[in-house]
Amino acid sequence: MNSKKITKYDLIDLVRQDTSLEKKVVQDVFDSLLANLKESMKVGSTIELRGFGTFELRLRKARKRARNPKTGEVLSVPSHYVMVFRSGQEIKKAVWDLPVDEE
């Protein structure tokens with residue numbers, strides 16, 4: 001598969017082309033969407049985007065003897081939240097059907 005990185009600005013340009021809106025308007029909407037998603041996650045909300053997926057928080061337990069893989073140093077890591085993404089059925093199916101280049 002030929003993988004290409006798509007940036008925020010690439011997405012803004014794609015939406016601009018699809019909607020014929022001005023780039024500044026699309027950028028403002030996109031920035032507002034991301035800010036609201038971030039604020040919702042900060043208060044512990046689960047964000048469900050039907051047909052796309054769900055963003056949620058999960059608690060990682062504390063670890064008394066974690067190891068820094070770079071330095072080998074043993075350290076303690078407190079409990080903390082991590083954000084996880086569960087893809088929706090439509091996205092799962094779209095990815096499942098991608099052709100595979102086996103070499």
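This is a predicted model, so every value here is computed, not measured. In this chain, residues are counted from 1 in sequence order. In what follows, every heavy atom counts, from backbone to side chain, and hydrogens, waters and symmetry copies are set aside.
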Does Thr46 form a side-chain contact (heavy atoms from CB on, under 4.5 Å) with Thr54? I'd like the steps, not just the answer. CA-CA 7 Å; Thr46 297; Thr54 303; 3.4 Å; yes
Is there a salt bridge (Lys or Arg N to Asp or Glu O under 4.0 Å) between Glu22 and Arg16? Walk through the geometry before answering. CA-CA 7 Å; Glu22 292 183 25; Arg16 183 194 59 77; over 6 Å; no
Check against side-chain contact (heavy atoms from CB on, under 4.5 Å), Leu98 and Val100: CA-CA 6 Å; Leu98 286 175; Val100 177; over 6 Å; no
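No donor-acceptor distance shorter than 3.5 angstrom exists from the side chain of Ser32 to the backbone of Asp28, with no hydrogens or angles considered.
Here the closest heavy-atom approach between residue Met41 and residue Met83 is recorded as CE-CG, 3.4 Å. The shortest heavy-atom contact between Ser40 and Ile47 is CB-CD1, 3.9 Å. Between Val77 and Leu75, the shortest heavy-atom distance links the atoms CG2-CD1, 3.8 Å.
A salt bridge is defined here as a Lys NZ or Arg NE, NH1 or NH2 lying under 4.0 Å from an Asp or Glu carboxylate O, and Lys92 with Glu90 fails to meet this definition. Contact check on Asp10 versus Lys5 returns no salt bridge, with no Lys/Arg side-chain nitrogen under 4.0 Å from an Asp/Glu carboxylate oxygen. One finds no salt bridge joining Glu73 and Arg67 here, because no Lys/Arg side-chain nitrogen approaches an Asp/Glu carboxylate oxygen to under 4.0 Å. Using a cutoff of 4.0 Å between basic side-chain nitrogens and carboxylate oxygens, Glu39 and Lys42 are scored as salt-bridged.
Two different hydrophobic clusters hold Val84 and Leu59 under the rule that ILVMFWY side chains link at heavy-atom gaps under 4.5 Å.
Note: Phe55 CZ to Arg86 CZ = 11.5 Å, rounded to the nearest 0.5 Å. To the nearest 0.5 Å, the span separating OG on Ser79 from NZ on Lys61 amounts to 9.0 Å.
Residues Lys8 and Asp31 meet the side-chain proximity criterion, which asks for heavy atoms closer than 4.5 Å.
Surrounding CZ of Phe85 are more than 12 heavy atoms belonging to other residues, nucleotides or ligands, all under 6.0 Å away.
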